[in-house]
Amino acid sequence: MKNDSKLIQAFLKQKQQQSLYRKPRISESAQQPLMQMDGGKYLSFCSNDYLGLANHPDLVNAFKQAADKYGVGSGSAHLISGHSIEHQKLEEALAEFTGRDRVLLFSTGYMANLGTVNALLERGDYLFADRLNHASLVDAGLLSKAKMKRYPHGDVAALERFYKNLPNLLNINDDKDSFVNSMILTDGVFSMDGDEAPLRELVKVAKQNQAWLMVDDAHGFGVLGKTGAGQLEQDSLSQEEVPVLMATLGKAAGTAGAFVAGSDDLIEYLIQTARTFIYTTAMPPSIAAATRASLKVIAEESWRRDKLKVLINQFKQGAAQLGIELMPSNTAIQPILLGSTERASKLSKALSDQGILISAIRPPTVPEGEARLRVTFSANHTEEQVDQLLNTLEKSFK
Ligand SMILES: *Cc1c(COP(=O)(O)O)cnc(C)c1O
């Protein structure tokens, strides 16, 4: 964009005409199903607070107590003087919870992905990424000097073909000891689709090719698995099988930040090399304390995962009865595919006029022609609220 206000205004006008204009709503209540927003009351189905923990009293208390003791700001990066005992305890608790040797905290998931991918890949390496990966994983690949190849969504055969062709690309003969450094990078639960990556098969391909396998479990952590430890717990995948696990704390865990879990060596290596860990301020200690309280609630209040499943099934059955087509997802992310950006924006607006908040997800967040309403559920929703959603959808679809 040139430094010319006329051009910027023309750009903004065009975005509005294309129904692609983005604008934040102003929330005046805690994150919960009933939201006070932009001066109105809404029943929200678009938060990632899947377990309803963002406003849980145990987390709020832990946060307040830590703030009383440690103040608000962490003051500096982890490697200077910002690594508090609360960060340390959270890393240890997360390692135990995920069954990994060690954990490293990052201030956001975006930064965890940029930092980790770039620490592990350099010029001449290969990155194989699912086409529908989250924007932060795409950006991590673009920032790296590795060659990024994107395989069609969930298409393990296409991924294997990339690997078969690799020796030709590289002109390597059959010297068994030399292998090209590569990484397979995928969302666990896909953020805009709600479906799950074929992790077991990806593990196989990674093993055959001595590749790193990195899984972003932003939408599985807290929700999937018997104790809520995420998709790797659900699929019984060990640290050896998935050496790099990343998950965020701002979604089901209800707080903020992210972590990478793996071997002792991997974490030590990231501490030395991950620039988004080294050159940024540590998250406030009170966030770490609240997150540790969250882990306890996640493990102890398993009814939240059960309740979420009940609500998801209720919605899927209800939508099927109404003839509303959903995408193939069993998770708390239940998108309604609409196609045109205009249609998605109109329906989102019609719903909000009736007090229901669901945001339209438009390109470039999703591919062109695949605009959708991304419906998400929280354990704090009631069955009556899901009925209300279905009734309003029925009216609005007509
Ligand atoms: C939300 C999200 C992120 C980014 O995490 P933040 O902590 O919000 O920066 C990364 N990956 C996926 C799949 C996500 O959904």
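Start at 1 and go down the list; that is how both ligands and their atoms are numbered.
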Nearest option to atom 1 (C) of ligand 1, as decided by whichever heavy atom of M111, K251, H134 sits closest: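 The nearest heavy atom belongs to K251.
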Ignoring hydrogens, just give me the one of D216, T108, T248 whose non-hydrogen atom is nearest atom 12 (C) of ligand 1.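 Shortest heavy-atom distance from atom 12 (C) of ligand 1: D216.
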Give the C-alpha distance, both sets of side-chain angles, the deciding distance and a yes or no for side-chain hydrogen bond (donor to acceptor under 3.5 Å, both in side chains) between T227 and E233. CA-CA 8 Å; T227 69; E233 181 190 30; 2.9 Å; yes
Flag the pair D353 and K349 as a salt bridge only when some basic side-chain nitrogen lies within less than 4.0 angstrom of an acidic carboxylate oxygen.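 Salt bridge between D353 and K349, a charged N being under 4.0 Å from a carboxylate O: yes.
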Test log, rule salt bridge (charged side-chain N to carboxylate O under 4.0 Å, His left out), inputs K207 and E241: CA-CA 8 Å; K207 205 170 206 166; E241 290 167 306; 5.5 Å; no
Subset of ligand 1 atoms that lie under 4.0 Å from at least one heavy atom of [X]:
X    : value
Y110 : 4 (C), 5 (O), 6 (P), 9 (O)
S191 : 15 (O)
G109 : 4 (C), 5 (O), 6 (P), 7 (O), 9 (O)
N113 : 10 (C), 11 (N)
S136 : 10 (C), 11 (N)

So which heavy atom in the protein is nearest atom 15 (O) of ligand 1, and how far is it from that ligand atom?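 Of the protein heavy atoms, H219 NE2, 2.5 Å lies nearest.
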May I ask you to decide if T276's main-chain N or O and T280's side chain share a donor-acceptor pair within less than 3.5 Å?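 No: the side chain of T280 does not pair with the backbone of T276.
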Answer with yes or no after comparing the ring centroid distance for Y163 and F128 against a 6.0 Å cut-off, counting only values under it.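 They qualify: ring centres under 6.0 Å apart.
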Which residue is it: Q31, K307, H56, R304? I am looking for the one with a side chain to side chain donor-acceptor pair (under 3.5 Å) to N380.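 Only one option passes, and that is R304.
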